[in-house]
Amino acid sequence: KDLATLPEPDFANSIWMNRKLEIIDLLKKEVGDQAVIIAPAITPLRAAAMMRGSMNFMLDLAEAPEFVKDLMEICTRHCLTAGVILGNNGADFLFYPLPLASKNLISRTCFEEFVYPYMKQVVQIMQKEGIKTLLHPCGDWEDRFDLVAGMRADMLQITSKVDLAS
């Protein structure tokens with residue numbers, strides 16, 4: 001759990017990043033400005049959960065909240081770097097799925113503390129960089145759509161779990 005020993009990501013030599021950039025480049029050459037290119041990007045929450053393992057991360061939310069906040073700060077910084085690279089290399093939108101942030105998995109209070117401030121920062125900085133954002137809240141978000149709206153993403157994709165009548 002010593003976060004100071006975490007290495008910085010090497011995006012220049014990252015298979016994940018280079019494959020995304022290759023695909024964006026191929027799409028730009030093929031369709032030019034005739035289509036919008038949406039590149040999947042990673043969220044701070046997902047990055048943190050992948051680093052710790054989903055089960056460990058969920059336990060950390062309850063047992064080690066300060067550790068989680070420190071980890072989220074690091075992951076936010078890395079997600080911002082990755083997002084800027086994608087946006088500056090041809091992605092018209094960055095697609096941010098949030099499968100671990102629904103009320104099916106975490107409470108609204110937990111969302112407010114561990115998801116909202118970091119994703120809002122990501123969205124705001126991407127927009128300052130001229131990069132559009134698309135949020136995809138997976139699962140049931142009925143109790144937190146006001147917070148999602150407060151992130152001010154350029155686009156919101158909703159799922160069939162959302163009751164549009166309510």
Side-chain angles (χ1 to χ4, degrees), residues 6-54 57 71-106 111 114-166:
L6 283 177
E8 292 291 316
D10 181 6
F11 290 118
N13 293 306
S14 164
I15 294 170
W16 173 85
M17 179 62 78
N18 287 315
R19 183 67 180 140
K20 285 178 186 281
L21 294 175
E22 179 184 326
I23 292 168
I24 291 168
D25 186 55
L26 289 170
L27 288 169
K28 279 292 183 191
K29 287 177 182 169
E30 190 66 32
V31 300
D33 292 333
Q34 295 179 8
V36 174
I37 296 175
I38 302 171
I42 193 163
T43 67
L45 182 72
R46 182 76 175 146
M50 288 174 62
M51 290 173 73
R52 293 285 297 138
S54 294
F57 183 74
L71 180 59
M72 291 295 288
E73 288 290 337
I74 292 167
C75 290
T76 298
R77 188 175 70 247
H78 299 323
C79 290
L80 287 168
T81 301
V84 169
I85 292 169
L86 292 168
N88 287 343
N89 283 280
D92 298 307
F93 272 84
L94 296 182
F95 172 74
Y96 288 104
L98 292 158
L100 301 176
S102 74
K103 78 176 198 177
N104 305 93
L105 293 173
I106 63 172
F111 180 89
F114 299 107
V115 180
Y116 177 77
Y118 306 100
M119 270 315 298
K120 184 174 182 176
Q121 180 183 4
V122 168
V123 168
Q124 288 176 340
I125 291 174
M126 289 302 112
Q127 290 170 337
K128 285 180 186 171
E129 293 287 330
I131 302 166
K132 295 188 183 316
T133 57
L134 185 162
L135 294 183
H136 174 72
C138 308
D140 188 350
W141 284 63
E142 190 177 353
D143 69 338
R144 57 199 72 185
F145 271 122
D146 60 320
L147 297 171
V148 174
M151 290 181 198
R152 311 294 296 160
D154 297 289
M155 189 180 296
L156 179 64
Q157 179 188 21
I158 57 174
T159 68
S160 60
K161 297 271 185 198
V162 176
D163 180 5
L164 296 176
S166 61

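Numbers here simply count residues along the sequence, with the first being 1.
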- Item | Heavy-atom closest contact (S54 atom, R46 atom, distance) | OG-NH1, 4.5 Å

- Message: Restricting to non-hydrogen atoms, name the atom on L134 and the atom on F95 that form the minimum distance, rounded to 0.1 Å.
- Response: CD2-CD1, 3.3 Å

- Item | Sidechain-backbone polar pair: D25 side chain, L21 backbone, donor-acceptor under 3.5 Å | no

- If you round to the nearest 0.5 Å, how far is CE of M126 from CD of Q121? 9.5 Å

- Message: Quick check: closest heavy atoms across D92 and K132, and the distance to 0.1 Å?
- Response: O-CB, 3.5 Å

- Have a look at V122 and tell me which of I42, T76, T133, L135 forms a side chain to side chain contact (heavy atoms under 4.5 Å, CB included) with it. T76

- Item | Gap separating the CD atom of E30 from the CD1 atom of I23, nearest 0.5 angstrom | 14.0 Å

- Task: Rounded to the nearest 0.5 Å, what's the gap from CG on L156 to NE2 on H136? Could you check?
- Result: 9.5 Å

- Message: Could you walk me through whether F114 and I106 satisfy the side-chain contact (heavy atoms from CB on, under 4.5 Å) test, starting with their C-alpha distance in whole Å, then the side-chain angles of each, then the deciding distance to 0.1 Å, before giving a yes or no?
- Response: CA-CA 10 Å; F114 299 107; I106 63 172; 6.0 Å; no

- Is it true that a side-chain atom of N104 and a backbone atom of D140 form a donor plus acceptor pair closer than 3.5 Å? yes

- Between V84 and I131, the two heavy atoms sitting closest are CA-CD1, 3.8 Å

- Task: Please name the pair of heavy atoms, one in F57 and one in A48, separated by the smallest distance, quoted to 0.1 Å.
- Result: CE1-CB, 3.5 Å

- Query: If only atom types and distance count, is the side chain of R52 paired as donor or acceptor with the main-chain N or O of L71 below 3.5 Å?
  - Reply: no

- Message: Rounded to the nearest 0.5 Å, what separates atom CG in L105 from atom SG in C138?
- Response: 10.0 Å

- Begin from the C-alpha positions of M51 and L6 and carry the test side-chain contact (heavy atoms from CB on, under 4.5 Å) through to its verdict. CA-CA 10 Å; M51 290 173 73; L6 283 177; 3.4 Å; yes

- Parallel, tilted or perpendicular, as decided by the 30° and 60° cut-offs, for the rings of F111 and W141: perpendicular

- Quick one: closest heavy-atom pair of A47 and C79, and the distance? CB-SG, 4.2 Å

- To the nearest 0.5 Å, how far apart are CD1 in I37 and CG in L27? 4.5 Å

- Message: What's the separation between atom CE in M151 and atom CG in L98, rounded to the nearest 0.5 Å?
- Response: 6.5 Å

- Message: I'd like to know whether CG of D10 has more than 12 heavy-atom contacts from other residues, nucleotides or ligands below 6.0 angstrom.
- Response: yes

- Considering residues at least two apart in sequence or located in another chain, which fulfil the salt bridge (charged side-chain N to carboxylate O under 4.0 Å, His left out) criterion with E8? R77

- Side-chain contact, heavy-atom cut-off 4.5 Å: L80 with E129? no

- Would you check, one step at a time, whether the test side-chain contact (heavy atoms from CB on, under 4.5 Å) holds for V115 with L147? CA-CA 10 Å; V115 180; L147 297 171; over 6 Å; no

- Message: So L45 and Y118, do their side chains get closer than 4.5 Å, heavy atoms only?
- Response: no

- Check whether any side-chain heavy atom of K20 lies under 4.5 Å from a side-chain heavy atom of P40, and answer yes or no. yes

